[in-house]
> 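Below are the structure tokens for one structure; questions will follow.
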Amino acid sequence: MNNNSQNIDKLKQEFIANASHELKTPVTSIQLAVETAITALENSELEDTRKFLNQILKDSQRMTLLLSDLLDLSQLEVNDPVKETVNLKKIIEAEIGFLSKENKKRVIFESADIDFLLDPDDFSMIVRNLLRNACNYSEQNEIITINLLFDNSEVILSVLDKGRGISMSDQERIFERFYRVDKGRSRALGGTGIGLSLVKHAVERNNGDIQLKSKLGEGSEFIVKFFKT
Ligand code: ADP
């Protein structure tokens with residue numbers, strides 16, 4: 001085996017170990033919560049029963065999110081992109097529409113109609129993940145701005161938030177699978193740590209690149225460029 005395939009093998013093993021660990025945590029927690037809820041129910045302790053059922057709900061939502069990210073990941077690896085000319089503005093508006101009522105109010109987005117050749121599912125996934133992070137890592141009263149421009153045969157998408165920002169050392173690692181700056185907070189928000197690695201992969205296979213400008217405590221801007229093929 002040459003060095004390159006040994007490296008890929010190692011990355012895959014690490015990935016499987018991480019994914020199994022991330023799935024095991026909520027499963028273990030669900031098992032415990034079910035046992036405790038049964039005991040609470042037998043003792044007619046309704047408040048405790050409710051508490052543990054809510055815990056089970058939260059853990060299963062977390063597993064659903066992780067599994068749907070893993071599914072996105074395998075789609076990206078197994079299927080080639082299917083490109084078609086699509087209206088990017090409409091896709092972004094649809095993704096904003098999926099946000100909660102509170103988050104919807106925080107987003108500023110105005111753009112002309114821009115038709116461009118790329119894989120629409122990849123583009124939706126990119127917007128969804130960047131928007132989800134912008135909402136998660138900034139406060140409820142902070143504005144999120146999305147810009148979409150067509151300039152000299154390239155499309156530029158920017159998602160800007162005024163949130164916590166990312167330090168220089170974390171910026172270097174943020175696109176790695178399962179990398180999270182603050183594990184506790186990310187997990188509490190339902191984060192899986194693979195969103196940005198999926199985004200980067202999807203951007204690159206649609207002939208684009210992604211940059212991050214961020215300052216700790218001031219906010220972050222993710223800038224995605226797609227070049228005409
Ligand atoms: P997660 O599911 O944890 O959000 P991501 O791969 O999407 O995983 O992001 C990796 C980490 O990068 C996050 O855990 C968070 O610490 C950091 N991050 C991502 N987007 C932002 C943002 N807009 N502002 C601040 N930190 C961010």
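Just so you know, ligand 1 is whichever comes first in the structure, and atom 1 is the first atom listed for that ligand.
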> Measure the distances from the heavy atoms of G193 to every atom of ligand 1 and state whether one is below 4.0 angstrom.
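Yes.
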> Looking at R132 and D69, is any side-chain nitrogen of the basic one under 4.0 Å from a carboxylate oxygen of the acidic one?
yes
> Applying a heavy-atom cut-off of 4.0 Å, say which part of R164 lies close to ligand 1: side chain, backbone, both or neither.
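Just the side chain.
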> Counting heavy atoms only, which part of L196 comes closer than 4.0 Å to ligand 1: side chain, backbone, both or neither?
both
> Could you list the atoms of ligand 1 found under 4.0 angstrom from a heavy atom of V181?
14 (O), 16 (O)
> For R180, take its heavy atoms, then give the atoms of ligand 1 lying under 4.0 Å from any of them.
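Listed by number with element: 3 (O), 14 (O).
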> Check each atom of ligand 1 against the heavy atoms of I194 and keep those under 4.0 Å away; list them by number with element.
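So the answer, numbered in order with elements, is 6 (O), 8 (O).
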> For atom 7 (O) of ligand 1, which of L130, L131, N133 has the closest heavy atom?
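Of the listed residues, N133 has the closest heavy atom.
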> List, one per line, each side-chain donor-acceptor pair under 3.5 Å for residues 30-39, sequence neighbours excluded.
| residue | atom | partner | partner atom | Å |
| --- | --- | --- | --- | --- |
| T36 | OG1 | L32 | O | 2.6 |
| T39 | OG1 | E35 | O | 3.0 |

> Any chance you could lay out the salt bridge (Lys or Arg N to Asp or Glu O under 4.0 Å) test for K200 and E204, step after step, and finish with the verdict?
CA-CA 6 Å; K200 187 168 162 48; E204 285 172 356; 2.8 Å; yes
> Under 3.5 Å, which donor-acceptor pairs do the side chains of residues 147-163 form with other protein atoms, sequence neighbours left out?
| residue | atom | partner | partner atom | Å |
| --- | --- | --- | --- | --- |
| S158 | OG | E221 | OE2 | 2.7 |
| D161 | OD1 | G163 | N | 2.9 |
| D161 | OD1 | S220 | N | 3.3 |

> Please work out whether any backbone atom (N, CA, C, O) or any side-chain heavy atom from C-beta onward of Y179 is under 4.0 Å from ligand 1, and answer side chain, backbone, both or neither.
backbone
> For ligand 1, which atoms have a heavy atom of G195 less than 4.0 angstrom away?
5 (P), 6 (O), 7 (O)
> Do the charged groups of K51 and E47 touch, with an N to O distance under 4.0 Å?
no
> Is K90 salt-bridged to E93, going by a charged N under 4.0 Å from an acidic O?
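Result for this pair is no, no salt bridge flagged.
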> Within the structure, is a non-hydrogen atom of N129 found at a distance of less than 4.0 Å from ligand 1?
no
> I need the atoms of ligand 1 closer than 4.0 Å to a non-hydrogen atom of I166, numbered in the order shown.
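It comes down to these atoms of ligand 1: 21 (C), 25 (C), 26 (N), 27 (C).
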> Mark the output for F178 as yes if a heavy-atom distance to ligand 1 is under 4.0 Å, and as no if none is.
no
> Compute the shortest N/O to N/O distance between D161 and ligand 1 and return yes if it is under 3.5 Å, no if not.
yes
> Whether the S29 and D59 side chains hold a donor-acceptor pair (N or O, under 3.5 Å, no angle test) is what I'd like checked.
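There is such a pair (donor and acceptor under 3.5 Å, judged by atom type) between the side chains of S29 and D59.
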> Look at the aromatic rings of F116 and F226 and report parallel, tilted or perpendicular, splitting at 30° and 60°.
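Answer is tilted, since the angle falls between 30° and 60°.
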> Does K105 come within less than 4.0 Å of E142, counting only side-chain N to carboxylate O?
no
